[in-house]
Amino acid sequence: MSKTIAVIPGDGIGPEIMTATLRVLDALDCGLAYDFADAGMVALDKHGDLLPKATLDKIAEHKVALKGPLTTPIGGGFTSINVTLRRHFDLYANVRPAISFPGTKSRYENIDIITVRENTEGAYLAEGQTLSEDGEVAQSIIRNTRKGSTRIVRYAFEMAVKKGRKKITAVHKANILKTSTGLFLNVAREIAKEYPQIEFNEMIVDNTCMQLVMRPEQFDVIVTTNLFGDIISDLCAGLVGGLGLAPGDNIGEHAAIFEAVHGSAPDIAGKGIANPCALLLAAADMLDHLGQVEKGTKLRQAIRDTLTHDRDSVTPDLGGKGTTESFGEAIARRVAA
């Protein structure tokens, strides 16, 4: 069965890690066809637009996109491209797995935590941002809705059931932000009652950060609001060695975009030393989403095996002497075996 996906190589190291990733997907024989699209600085240079309509149309048509890192110019009134994509397609669930891999510079060895972050509202709404004329008072709105809270919490529970997860922790600050995160917490409590097979826990966000550093093994799935999820998911990435192993899944009812979480790293672009693992892990999540769970599992295992047994092929950031191409080729050989 053939499936066409939109492919956005992105900026900086994006094209390099995308080439390696597509090489692995081809070796895995997933039956995927690629419809390439531009976004970011490369799109601004070629089309005069950071996010051309043609790119939005391709994502809408294929409903699934694999995206490399994008650069949004600083200043000048440019809106984050990633935020624009999430809002345009209502990609309300940001799913960030943090899984330990061998041979990485991390403090822990057995991390397996999924952060499910609400992606469209909360503190990241662009509404209500004001600065007084004298520059002394800045203000913005935090707005959570029952609809938004309900669908993100239910997504987390349904995902936990599907993946065989045992525990969900709802992270909040309802002791202080009694209305905005209080609403989220109340909704989480209500929905948790519908899933008695899943252990439910609630934790204040500051304590969560401390507990993640001290005893991360107590966490399984975390569900939380936009700002807290942004911070916690990066903290979890730090537990497993950094953003080089951090995929991000942006899921909505009508589209899904899978991406490497890290930036475009222009300082190493073109040097052939970029680590493709984050985008490869995002591709594995994409395969799960497309119902090719066995292929996704095989890809993750190939990454693990390459990191364990083929150290010379891995990129310098993971302690190897290899290149983006050699790393990708080593993984491709394993998935093809």
Side-chain angles (χ1 to χ4, degrees), residues 6-12 14 37-44 47-60 63-96 115-131 138-145 147-149 151-152 155 180-181 184 223-237 243 246-266 278-279 282 285-286:
V7 173
I8 303 170
D11 297 314
D38 294 323
M41 293 301 293
V42 66
L44 187 64
H47 311 289
D49 191 345
L50 287 169
L51 192 55
K53 182 178 182 299
T55 299
L56 295 173
D57 290 345
K58 287 184 179 185
I59 297 171
K63 302 187 187 310
V64 173
L66 185 63
K67 182 179 77 64
L70 301 176
T71 300
T72 299
I74 297 173
F78 292 104
T79 302
S80 164
I81 309 166
N82 289 329
V83 171
T84 301
L85 283 168
R86 291 166 186 168
R87 289 186 179 159
H88 182 85
F89 292 105
D90 195 23
L91 305 175
Y92 67 89
N94 182 223
V95 182
R96 291 275 301 273
T115 301
V116 179
R117 164 196 175 196
E118 202 291 318
N119 219 14
T120 59
E121 52 182 38
Y124 282 15
L125 283 171
E127 301 169 9
Q129 296 194 54
T130 61
L131 181 66
Q139 181 174 292
S140 65
I141 294 171
I142 298 177
R143 189 178 72 200
N144 295 324
T145 65
K147 175 187 174 182
S149 299
R151 65 181 182 175
I152 195 62
Y155 183 93
S180 56
T181 61
F184 167 80
V223 63
T224 189
T225 50
N226 203 333
L227 173 60
F228 298 160
D230 194 7
I231 296 166
I232 287 171
S233 56
D234 270 22
L235 192 161
C236 289
L243 293 179
D249 315 337
N250 301 279
I251 312 292
E253 290 184 23
H254 306 293
I257 298 177
F258 299 85
E259 63 186 351
V261 173
H262 59 69
S264 57
L279 191 59
D285 290 351
M286 179 186 72

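All values reported here derive from a predicted model rather than from experimental measurement.
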Compute whether any side-chain donor of one residue and acceptor of the other, for [X] and [Y], lie under 3.5 angstrom apart.
X	Y	result
S264	T71	yes
N82	K67	yes
E118	S149	no

Look only at the side chain of [X] and the backbone of [Y], and say whether a donor-acceptor pair between them is shorter than 3.5 Å.
X	Y	value
E121	T145	yes
T72	I81	yes
N119	L91	yes
R117	N226	yes

- request: Sequence neighbours left out, what passes ring pair (Phe, Tyr, Trp, His ring centres under 6.0 Å) with F258? Give chain and number order.
  value: H289
Hey, does [Y] have a side-chain heavy atom less than 4.5 Å from the side chain of [X]?
X	Y	value
F184	I152	yes
V95	T115	no
L44	M41	yes

If you round to the nearest 0.5 Å, how far is [atom2] of [Y] from [atom1] of [X]?
X	Y	atom1	atom2	result
H47	D38	NE2	CG	4.0 Å
T55	K58	OG1	NZ	7.0 Å
I231	C236	CD1	SG	12.0 Å
S80	L70	OG	CG	8.5 Å

[X] versus [Y], closest heavy-atom pair with distance:
X	Y	value
A65	I59	CB-CG1, 4.1 Å
A43	L50	CB-O, 3.7 Å
V42	A39	CG1-O, 3.3 Å
A278	P247	O-CB, 3.6 Å
I251	A256	CD1-CB, 3.9 Å

task: Check side-chain hydrogen bond (donor to acceptor under 3.5 Å, both in side chains) between Y92 and all other residues, then give those that pass, not counting sequence neighbours.
output: none
query: What residues form a side-chain hydrogen bond (donor to acceptor under 3.5 Å, both in side chains) with K63, not counting sequence neighbours?
result: none
- line: Paired with F89, the side chain to side chain contact (heavy atoms under 4.5 Å, CB included) test is passed by just one of N250, T84, L56, namely L56
- request: Please lay out, stage by stage, how V116 and N94 fare under the test side-chain contact (heavy atoms from CB on, under 4.5 Å).
  value: CA-CA 6 Å; V116 179; N94 182 223; over 6 Å; no
field: salt bridge (charged side-chain N to carboxylate O under 4.0 Å, His left out) involving R151 - partner list, sequence neighbours excluded
entry: D90
query: Are more than 12 heavy atoms from other residues, nucleotides or ligands located less than 6.0 Å from atom CZ of R87?
result: yes
task: Apply the salt bridge (charged side-chain N to carboxylate O under 4.0 Å, His left out) test between R96 and each candidate in D249, D285, D234, D230; give the one that qualifies.
output: D234
- request: Applying side chain to side chain contact (heavy atoms under 4.5 Å, CB included), name anything that partners L235, two or more places apart in sequence or on another chain.
  value: C209, L212, V213, L239
query: Q129: what forms a side chain to side chain contact (heavy atoms under 4.5 Å, CB included) with it, not counting sequence neighbours?
result: A126, S140
message: Before you tell me yes or no, could you show the steps for Y124 and L227 under side-chain contact (heavy atoms from CB on, under 4.5 Å), namely the whole-Å CA-CA distance, both residues' side-chain angles and the distance that decides it to 0.1 Å?
response: CA-CA 7 Å; Y124 282 15; L227 173 60; 3.5 Å; yes
